[in-house]
Amino acid sequence: MERQEFRLGGTGGQGLILAGVILAEAAIAQGLNAVQTQSYGPEARGGASKAEVIIADTEIDYPKVTDPDVILVMSQEAANRYLKGVKAGALVIVDSSLVKQVPPVAGRVVLLELTRLAREGLGREVVANIVALGALAALTGTVSADRLLEATLALVPKGTEELNRRAVHVGLQAGSREGGRV
Amino acid sequence: MERQEFRLGGTGGQGLILAGVILAEAAIAQGLNAVQTQSYGPEARGGASKAEVIIADTEIDYPKVTDPDVILVMSQEAANRYLKGVKAGALVIVDSSLVKQVPPVAGRVVLLELTRLAREGLGREVVANIVALGALAALTGTVSADRLLEATLALVPKGTEELNRRAVHVGLQAGSREGGRV
Amino acid sequence: MTVRLMQGNEACAEGAIAAGMRFFAGYPITPSTEIAEALAERLPQVGGKFIQMEDEIASMAAIIGASLAGVKSMTATSGPGFSLKQENLGFASFCEVPCVVVNVQRAGPSTGLPTSPAQGDVMQARWGTHGDHPIIALCPWSVREAFDLTVESFNLSEALRIPVILLTDEVVGHMRERVELPPAGELTLIDRKRPDGPRESYVPFRAGSDGVPLMADFGAGYRYHVTGLTHDEHGFPVSAGPVAGALLERLHAKLERRRDDLDRVATLEMEDAEFAVFAYGGAARSAAAAVRLARAEGLRAGLFRPQVIWPFPDRSVSRLAGKVRGVLTVEMNLGQLHAEVQRVVCGRVPVVHFGRVDGELPSPRDILAALKEVARSG
Amino acid sequence: MTVRLMQGNEACAEGAIAAGMRFFAGYPITPSTEIAEALAERLPQVGGKFIQMEDEIASMAAIIGASLAGVKSMTATSGPGFSLKQENLGFASFCEVPCVVVNVQRAGPSTGLPTSPAQGDVMQARWGTHGDHPIIALCPWSVREAFDLTVESFNLSEALRIPVILLTDEVVGHMRERVELPPAGELTLIDRKRPDGPRESYVPFRAGSDGVPLMADFGAGYRYHVTGLTHDEHGFPVSAGPVAGALLERLHAKLERRRDDLDRVATLEMEDAEFAVFAYGGAARSAAAAVRLARAEGLRAGLFRPQVIWPFPDRSVSRLAGKVRGVLTVEMNLGQLHAEVQRVVCGRVPVVHFGRVDGELPSPRDILAALKEVARSG
Amino acid sequence: MAGSVELDPGRCKRCDICVEFCPKGVFVRDGAEVRVARPDDCSGCLICELLCPDHALRVTKGGEGR
Amino acid sequence: MAGSVELDPGRCKRCDICVEFCPKGVFVRDGAEVRVARPDDCSGCLICELLCPDHALRVTKGGEGR
Amino acid sequence: MGDFRRLYRHHKLPTIWCPGCGHGIVLGAVLRAVDEAGLDQDKTCVVSGIGCASRAPGYIDFDTLHTTHGRALAFATGLKLAKPELKVIVVTGDGDCAAIGGNHLIHAARRNIELTTVVFNNNVYGMTSGQYSPMTPAGKLASTAPYGNLERSFDLCELVRAAGGTYVARSTAYHARLLKDLIVRGLTHKGFAFIEALTQCPTYYGRRNRLGAAPDMLAWFKENSVTIQAADKLPPEQLAGKMTLGELHSSEAPEYTEEYAKLTARIRGDV
Amino acid sequence: MGDFRRLYRHHKLPTIWCPGCGHGIVLGAVLRAVDEAGLDQDKTCVVSGIGCASRAPGYIDFDTLHTTHGRALAFATGLKLAKPELKVIVVTGDGDCAAIGGNHLIHAARRNIELTTVVFNNNVYGMTSGQYSPMTPAGKLASTAPYGNLERSFDLCELVRAAGGTYVARSTAYHARLLKDLIVRGLTHKGFAFIEALTQCPTYYGRRNRLGAAPDMLAWFKENSVTIQAADKLPPEQLAGKMTLGELHSSEAPEYTEEYAKLTARIRGDV
Ligand SMILES: Cc1ncc(C[n+]2csc(CCOP(=O)(O)OP(=O)(O)O)c2C)c(N)n1
Ligand SMILES: Cc1ncc(C[n+]2csc(CCOP(=O)(O)OP(=O)(O)O)c2C)c(N)n1
Ligand code: SF4
Ligand code: SF4
Ligand code: SF4
Ligand code: SF4
Ligand code: SF4
Ligand code: SF4
Ligand SMILES: [Mg+2]
Ligand SMILES: [Mg+2]
């Protein structure tokens, strides 16, 4: 497998860093190599939040994403910032319950109401990040549904396993509906 | 005038650093160049105390005494430490009320009961340093009696001028009795 | 051992525990805090002690106190806290108290960019405290190496009775990577040498043939004195003079005689390299990628990556100067080790600096461009 | 003005007052305390403020606060206190707050030999705080120069909005010498440039053509923000990226563009010298005597004495390397500026170090012996 | 003594403090938003303004504003 | 209950504390020295030993020492 | 007394603070107090250290100084002494002023230098994501106290009083009006004035200790405190575990910069 | 209980202290107390900072640690927590513990960690030749207060109590026996024990303020202090300006290293 670059952007509190960690764990469980990094806005508190994951079956030197293959944006600000210059052929997943204006992009754009799905389908907005992961797995096939589920359950807070299991499934379904590979 | 090196050694509290400063001030008032330095024992408190003065009519680069022309010792420890290797021709002034054993030295040794003179002649042991200066001035002629007296009065604590004036005179006399040049 | 995703800071905490560290005192600061947080949880589990002190000065003091009690000790911080630790770090160096100080570098000066990487504390790691003191500093470039070099920091610290600085950066500290940690039994661990003779014959600061004195635990009955004043072999204050000079010289000789062992450089594609990229820590990740890009374009480049940066690997760098046609130094600073490379290379080949101080990791492409520039002129 | 015997520390205090310093905050420490003591007496007489703070960290903080109020400010300390001041010194450098920090060096590391001289904090003066920060450091060698360079420290600090370190040592600080001070009216004094336009057009960290922004006093109605976070021209925090990088680059460019002016070296007998003794501060006194001894023996030696040591006088040293057959560096440390000289000389002529770290001033005879050695091999 | 309250949605961070502490129930939580639902019930007591952490509320005492 | 007191001149720094505070006047200042002048008057009260800053005095309670 | 709203730097809002963070409430009280006390905006400086609380000066329109962690009072001391005609306000966090900055706090109190200090006490290090502070009660959870805090917390007001502070008061974010009143009195006090403002950090302290959302934490302040006036009338059993709010201490003592001015006048023969 | 004299490092005597310096009296009281409390010499460590007072450990025969200025309590905290079976005594000066070290003092008190702290308070920085300290009374002269000290001094005992110290006592060099008794009690106290020992610096504080020689200064202590027991019986006018000596505060609270031990036992399932 070639080096694949993922960028997950949104705001602090949405759990995107956790999502990145789960994605990387799932990849490792699948026998791949993975590096996860993150960055914050000017402040530690609030503001923009970004997680990046690189997955490959070789050594990963440079740990940052330069030319993402997959981009998830979960805020308008993230959409404005990260969709510029996206390469043709990239997959762009947009949480359309939060992003109202999608800038023009070269890649394949998939609009999903992730936050609404979480709030209305699962009763808790906070699992939108996990819904997003499910969709991303379905759409890319980089990690399998099983590994993703295992990694999720291992990393979410105790007592929230059932909620998150459902969130993964909601995401997988949403992704599949959009032509996911799983 | 050639570079002349003075070393004044004793214990903390005897006022030898003040004596060094007065000597240097007197030299400057006389139009000479002077550098005064000092050193302490391992501690800032108590223990040995040493003041050095270099007087010359040229620039003084190296500010420390290497080969003293005049040595004053006011404690047994100072005598033991500073009289080793004194050059022939050096003048060695010993406070014989405090130094009981004078090690063999190459220089010219003058024994004076400086502390006793201060205690008994002036009623205050603390002015032994000034008595010593008077003697030193008389014995070396490097600074004149007038300049020495002026410098002393300018530098001693207010209210002690009279006592110190007498101390200078007691010293000058003691020095002259031993063949001083003044 | 199992393969897992681990953060650099966590690997450092685990490495410390694997090395036998059982006392940690710290004060939170981004981007090092995860080390303290991991150890707050882990240390009580293994019978160790974790304490959050009132500031970094106190943290540094506390680990010295703990180390004197015989316990391997560590603290972790970042720029501003590292500046505050300097006075007591000097005490540890001068009194030969083993301990490990982790500095996860962030962009400075001052409060700077707390969540962004930099390598601006490299010279400070060498010269941050007053007086001529000896020090060792190591720079890991990966999560696995954060673990390994933490263990090695303790080993060097104990063997040489010297504080060791593990100088990581926000990239390595916050990055999560796939790692496979060595089983506990496979690690070589070094403990300080302790006296076992009678109290009367123990001279606490008299060195053996390796230049390192035996170190008694406080409470072990040796009843000796430790002071930050210049001291004699018995540990008591002395004045200026030969004994004072001898102490300083012995402290530096401890490292000097180990100079070869401490000259630790990892390389990549250096066998036939015509141009070397000199880089360490997080920046070396970019440099490695740049080397691969260069090779792909037919440029014979290699990566020269010191793992121990202090003492500076003079010998290896000097040999390097004899082998390549040019050196590109890549750092997230304005050229701190660059000046050292220049000093050692001594004009034999061109040494060019590529620095970045805007809080971002240099990109492989930018490094490649700089490398081509070196190749063109070299 | 009258000729008098004056101590180096006193000359520093008087120099500061002559330069217009009206705020001093300090914490006592040997061998710098006489500066504080003199100013405790003198400042109230001239309408200035003296405060003894609870520690050195607070002292450094207080002078920054006072300087922001528009008052020229200073602190004085020695090794251990200098280590403690580092964090806030970085703040002053990064926020461009003019101030002068005097370090009267004593022998270290740690508590060391509090009453003995050394030059062990030379590299610390450059690199003691975290992050890549710019700094200026001056080294006087005499009582008169302690006065002059204190005045100059304020001038540079105000002109460039940068903290300046006056790096003296116990020899210069405690020595009393005959001095003739210049009449107050004859001194050239520089004050920071202040804005006088309307508040709306004041951009507190936007630099003019000299790279130095105008500085408003707190309380003057400009109502601006000062932060140790990486900031934009308006003084407010920014993220990693070009603005962050630009700030750091401007801060260094301030000095870079003045590099020639800051390259200040005094010489003695250098006109026809074949061998140079590189020395500064107290050690240069011995070096000067050694040069005279050498000349007396027919050896064509000269003294090369930088007065500004940071930024390092690269240009002068480089020219020197082209002129002489060898350089002997004399320092009361293990070779701190020696390494800089090596870097700049770059192998063109031999550079040999003569260091002394036992708390004693090197003797002219020992230096002469070392110089002859250089001459023999050079 | 009635009051009137304005909410600046650009500043509001939807913390629900005003919703919980307004004695008159003037505010409501509406999905992701906090809104002034019953403006006319406002008594001008200022509690919401004092407790809003984000300077998003402005209360005008009866008469003053309108 | 009598006592006996020894003064170690190698440690004594001649501060006069014992001279001033011994209730029995056992010590005297003698030029540059401090001496035990009236050893037999010592009551063994220990005051001098407790107040000597230089560990130069040793009091033995009556009977114990002699 | 104008509109306190003019005192914000509006173009810097919204703050970086989390939704529901009490710091914004305390800052509002500070600005209302500045306005009510009738301070000259151009002659008022606000100094802080490092932490979420210490970001406050960035949002308000004075000469503002965001210094290093724990050192605000030391910077402020220099500023005030150098130019005593300035009104200097210090805003700080519990970590900033009670942990690393504890020494400067007690010494500023001892000197009785006229600095009005408002500590935003949220019982946690917010900025660095939730470690315990010297104000975290024993037993509470924090990221560095995963098994419950083993340390005891300070009674900061008591500490400042014992150190020599001449005006000491406490309120909470819930009691915002009282808080404002206390700050007004602090601002007009001659000497070191210290106001402890209890405030909520829902993100770390609240979440980890399951104290609910911001409104719940505010309600907790309401239920677990009494004013000093009320406390005087209540039986001890009803006071147990409650915080006392109000002006806890007020006394007169020479103010440092005034003493300095007198000294200067004396020496220079102006008097 | 043996002869306390065995606890000196005799080959290191005489001390560097000036003639008449009260530090030697206080040190004598410490050693008598250690002896009387029956401490194991091999398991007792003495930690100090920097200053004349802090030179004390060099003269006594334990594991001794002479650290950096102001930091003794922080070093001691690490030592004690790492090896709680050690008895750790801290000796420090007023500058060392109340000026630069004030923060470590209040935090050690807050944690209630078992360290017996004896401060040799001579109201001055002796080692550096007589600058004022936070314990120099207002108005007194010092080398950095040539016009009289403008600052107020701490009531250190009150400060430590307010910070959480559970044993707080005061005596003077003149009251050497009381001092010894108070240290004995401090040594057996479970928790942070703080003993302020007023002592004379004839060389700087005494000379500059014309307080006479060492015996005069000791006499001053005698005349200007009352024990807390006596104070209870005296009318206020007779108490004015007098220092109160004795055990000023003693209470029980969880000791930090014991709490830590309990935590470890709990987590590791030993209990
Ligand atoms: C010298 C130094 N140490 C540590 C830090 C990291 N740090 C930043 S803010 C903070 C704690 C802030 O706590 P508090 O003052 O209570 O403010 P809050 O964020 O809770 O409002 C710490 C430890 C730092 N910036 N500088
Ligand atoms: C960091 C630091 N600052 C300052 C000093 C200088 N210094 C040494 S001792 C001392 C004061 C000591 O006063 P105190 O603790 O009261 O002890 P005393 O000498 O009066 O017994 C000072 C300021 C130092 N050694 N280290
Ligand atoms: S209190 Fe303020 S920020 Fe919170 S919901 Fe209401 S208006 Fe919005
Ligand atoms: S002013 Fe009072 S009544 Fe009106 S909205 Fe605010 S809280 Fe409700
Ligand atoms: S008290 Fe001790 S030191 Fe002082 S004079 Fe008496 S014996 Fe000597
Ligand atoms: S024991 Fe008492 S009576 Fe005897 S010498 Fe000492 S003080 Fe005097
Ligand atoms: S972390 Fe806590 S203190 Fe900081 S902004 Fe968020 S809620 Fe406020
Ligand atoms: S200076 Fe003062 S405190 Fe220091 S030894 Fe002398 S008398 Fe004692
Ligand atoms: Mg807080
Ligand atoms: Mg003292």
Side-chain angles (χ1 to χ4, degrees), chain D residues 22-25 41-73 75 87-92 94-95 97 99 129 199 204 216-229 231 234-237, chain G residues 9 11-12 16 40-50 54-55 57-88 100-101 103-104 106-108 110-111 113 256-257 260-261 263-268 270:
Chain D
R22 289 298 178 271
F23 187 96
F24 179 93
E41 187 163 341
R42 293 283 283 119
L43 276 170
Q45 297 170 354
V46 296
K49 307 290 165 63
F50 168 91
I51 187 168
Q52 185 175 294
M53 294 296 288
E54 51 272 23
D55 63 18
E56 288 88 350
I57 296 175
S59 309
M60 187 67 218
I63 68 164
I64 297 173
S67 181
L68 283 164
V71 180
K72 289 186 188 175
S73 304
T75 186
E87 189 200 6
N88 284 336
L89 190 54
F91 182 92
F94 199 36
C95 295
V97 183
C99 56
T129 193
R199 172 170 194 241
D217 296 351
F218 269 32
Y222 288 91
R223 301 204 306 265
Y224 67 110
H225 188 54
V226 176
T227 176
L229 285 165
H231 41 274
H234 296 272
F236 293 99
Chain G
R9 285 180 175 139
H11 65 292
K12 289 286 148 189
I16 58 156
D40 180 344
Q41 190 176 356
D42 283 344
K43 299 287 175 203
T44 302
C45 303
V46 185
V47 183
S48 69
I50 296 287
S54 295
R55 295 299 292 266
Y59 304 114
I60 58 182
D61 195 15
F62 306 96
D63 282 315
T64 51
L65 177 58
H66 179 225
T67 69
T68 49
H69 190 36
R71 316 303 173 190
L73 282 160
F75 280 80
T77 296
L79 180 58
K80 176 73 185 174
L81 178 57
K83 214 171 182 176
E85 63 270 31
L86 297 179
K87 186 83 211 171
V88 180
I100 190 168
N103 208 29
H104 312 304
I106 60 178
H107 284 276
R110 178 177 63 77
R111 285 189 195 101
I113 182 165
Y256 183 74
T257 63
Y260 204 102
L263 168 71
T264 309
R266 172 155 62 90
I267 291 173
R268 310 187 86 194
D270 299 355

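All chains are named by letter (A, B, ...) in the order of the sequence lines, taking the proteins before the strands, and each is independently numbered beginning at 1.
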Proximity breakdown for [X] and chain D, heavy-atom pairs closer than 4.5 Å:
{"X": "G:Q41", "value": "both"}
{"X": "G:L65", "value": "both"}
{"X": "G:L86", "value": "side chain"}
{"X": "G:K80", "value": "neither"}

Measuring from [X]:[atom1] to [Y]:[atom2], what's the distance to the nearest 0.5 Å?
{"X": "G:R111", "Y": "D:Q52", "atom1": "CZ", "atom2": "CD", "answer": "8.5 Å"}
{"X": "G:I50", "Y": "D:L229", "atom1": "CD1", "atom2": "CG", "answer": "5.5 Å"}
{"X": "D:E54", "Y": "G:I106", "atom1": "CD", "atom2": "CD1", "answer": "8.5 Å"}
{"X": "D:E87", "Y": "G:T67", "atom1": "CD", "atom2": "OG1", "answer": "9.0 Å"}

Most heavy-atom pairs under 4.5 angstrom with chain D, which of [options]?
{"options": "G:V47, G:L81, G:T77", "result": "G:L81"}
{"options": "G:L79, G:T64, G:T257", "result": "G:T64"}
{"options": "G:T44, G:V88, G:D61", "result": "G:D61"}
{"options": "G:L263, G:L73, G:T68", "result": "G:T68"}
{"options": "G:H107, G:K43, G:K87", "result": "G:H107"}

Counting C-beta onward and ignoring hydrogens, is there a side-chain heavy-atom pair between [X] and [Y] closer than 4.5 Å?
{"X": "D:N88", "Y": "G:F75", "value": "yes"}
{"X": "G:H66", "Y": "D:P237", "value": "no"}
{"X": "D:V71", "Y": "G:K83", "value": "no"}
{"X": "G:R9", "Y": "D:H225", "value": "yes"}

Under 3.5 Å: donor-acceptor pair, side chain of G:D42, backbone of D:G219: no
Is there a donor-acceptor contact under 3.5 Å from the side chain of D:R223 to the main chain of G:D63? no
Quick one: ring pair (Phe, Tyr, Trp, His ring centres under 6.0 Å) partners of D:F23, sequence neighbours excluded? none
Side chain, backbone, both or neither: which part of [X] has a heavy atom under 4.5 Å from chain G?
{"X": "D:A220", "result": "backbone"}
{"X": "D:I63", "result": "neither"}
{"X": "D:D55", "result": "side chain"}
{"X": "D:F218", "result": "both"}
{"X": "D:R199", "result": "side chain"}

Do you know the tightest heavy-atom contact between D:P44 and G:Y260?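 Answer, listing the atom of D:P44 first, then G:Y260: CG-OH, 3.7 Å.
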Which atom names give the shortest non-hydrogen contact between D:I57 and G:H104, and what distance separates them? CG2-NE2, 4.4 Å
Enumerate the residue pairs fulfilling salt bridge (Lys or Arg N to Asp or Glu O under 4.0 Å) with a member in residues 56-73 of chain D, sequence neighbours excluded, ordered by first and then second residue.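 Sorted pair list: D:K72-D:D191.
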Interface residue of largest heavy-atom contact number with chain G, from D:I64, D:I51, D:L43, under 4.5 Å: D:I51
